[in-house]
Protein chains: 2
Amino acid sequence: MAVKGDETRARLIEAARTLVEAKGYHGTGLNEVLAVAGAPRGSLYHHFPGGKDQLVSEALAAAGREVDGIVVELAETAPSSRELVKALLAALADRMVAAGYAKGCPVATVALEVAATNDALQPICGDIYAGWQRALADALRADGHDAAEADELAATVLALIEGALVLARAGRSRTPIEQTSRRIAKLLGTD
Amino acid sequence: MAVKGDETRARLIEAARTLVEAKGYHGTGLNEVLAVAGAPRGSLYHHFPGGKDQLVSEALAAAGREVDGIVVELAETAPSSRELVKALLAALADRMVAAGYAKGCPVATVALEVAATNDALQPICGDIYAGWQRALADALRADGHDAAEADELAATVLALIEGALVLARAGRSRTPIEQTSRRIAKLLGTD
DNA sequence: CAGATTATGTAGATCGGTCTAGAGAGGAAC
DNA sequence: GTTCCTCTCTAGACCGATCTACATAATCTG
């Protein structure tokens, strides 16, 4: 039956997503994923014949979509892309603190770990970031920013967000995120 | 013979520094460190009785000082803190590409891996970032920036650098670094 | 019954860490 | 000057735990 199998599969992805965000690719063992998901070993290799890399790939993709969802939700009330970015930073900071600094950017840790060593996972991380940057550039263009500059500006804003999350987790403090958030206003528009 | 011991110790730190920057804390095995350093297992636990955590701690500290050195060197010719940051970004990009994207920020990967799980290493990562931020704030103040804003501005610039390195490694491209470098002018002063 | 999924068990490698033995360079004693 | 002692450091075997991956059997569903 498809239902039960899909549930197990979803639980495995969810567990992998959480653990990988907290401890990275190498820091997350399949035993721990299985324990958190409450699934037996056999199920893992049935649903993910590609092994750990396939599981982590799908977990990263799911995490990317989760952030997309947060953005979409925030976009409904944000009056401008500038306010959207500030709201996103606040939401990411809340999420990070609530998790005891076990959450930050769900892609960054793996991206750094595998950049030079895992040709299967590296492009996946790159694609997620590219998607975020594209969406950000679209929002900036829709907001009146110069079309030619939107791409560059989107990369800068994305870098600021990622960097702020790194500093915040390293120092176990949301201060860097708040500091960066205030400065982003100066970068995005003149009001 | 104190000399020979110090050499072995230094080789172990150097090997750990390189491997940890490339693959992170969990991704770096002591066997590999020993192989690269050409040292036997006994030497490791003689010089680092605290085990892996002590070795990585000292490797991170050494990496932090290496970046300090790069900054000091660049500062001799940079006419302003803004130009210094741009030169630093270019140097980091060169270093990253030359290493086949095995180098980026030597602290970031570990900082993300251990933020919520290793109480011995987390404060060390935090301290290194705090030191960089302090130096940056001093440079900004010396450059005429408002003293009250210097701290916040330093955090933002540091976040921008860290984020640019994450995006660059994730996409195996120096483009994000170049894009953010061009945008730094808008963040740092008005010329 | 057939096919999909779960449930274990286990293989083989590698992990971090510990232990003991020995190599080799000063310094002290005579 | 030679012997011997001591202390630092190297060398490598070894331990239990854990890792990813696979194999096989039991179970469930349509």
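A note on names: the letters A, B, ... follow the listed sequences, proteins ahead of strands, and every chain is numbered from 1. Every heavy atom of this structure was used, including side-chain atoms; hydrogens, water molecules and symmetry mates were not. None of these values were measured; they are calculated from a predicted model.
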Nearest-neighbour nucleotide for the A:T8 side chain, D:dT10, D:dT20, C:dT6 considered:
C:dT6
Of the options D:dC9, D:dT20, C:dT5, whose atoms approach the side-chain atoms of A:K52 most closely?
D:dT20
Distances under 3.5 Å only, N/O to N/O: pair up the protein atoms with those of nucleotides 12-14 of chain D.
unit_1, atom_1, unit_2, atom_2, d
D:dG12, O6, B:G42, N, 3.3

Rounded to whole Å, CD of A:E7 lies from P of D:dC28 at a distance of 16 Å
Quick check with a 6.0 Å cut-off and a 45 degree axis cone: is A:K23 positioned over the face of B:Y25's six-membered ring?
no
Taking atom P of C:dA7 as reference, at what distance in whole Å does atom CG of A:L12 sit?
11 Å
Rounded to whole Å, CG of B:L44 lies from P of C:dC15 at a distance of 13 Å
In whole Å, I'd like the distance from the NE2 atom of B:H46 to the P atom of D:dT10.
7 Å
Length of the CG-P vector between A:L30 and C:dC15, whole Å:
16 Å
Any A:L34 side-chain heavy atom under 4.5 Å of A:P40 side chain
no
Taking C:dT5, D:dT20, C:dT14 as options, the one with an atom nearest any side-chain atom of A:N31 is D:dT20
Rounded interatomic separation in angstrom, taking OH from A:Y45 and P from C:dT8
18 Å
Give me each pair satisfying ring pair (Phe, Tyr, Trp, His ring centres under 6.0 Å) with a member in residues 96-148 of chain A, each pair once, sequence neighbours excluded.
A:Y129-A:W132
Whole-Å distance separating the CG atom of A:L34 from the P atom of D:dA21:
12 Å
Between B:A39 and A:G50, whichever has its closest DNA chain D nucleotide further toward 5' is B:A39
Would you kindly give the CZ-to-P distance between A:R9 and C:dA4, to the nearest whole Å?
15 Å
B:T28 side, atom OG1; A:E113 side, atom CD - distance, nearest 0.5 Å
9.5 Å
Pair B:D119 + A:R172: basic N to acidic O under 4.0 Å
yes
Check ion pair A:R141-A:D138 (N to O, under 4.0 angstrom):
yes
Within less than 4.0 Å of OP1 or OP2 of C:dT6, is there a side-chain N or O belonging to A:H47?
yes
Answer yes when B:R17 and B:E14 have at least one side-chain N-carboxylate O distance shorter than 4.0 Å, and no when they do not.
yes
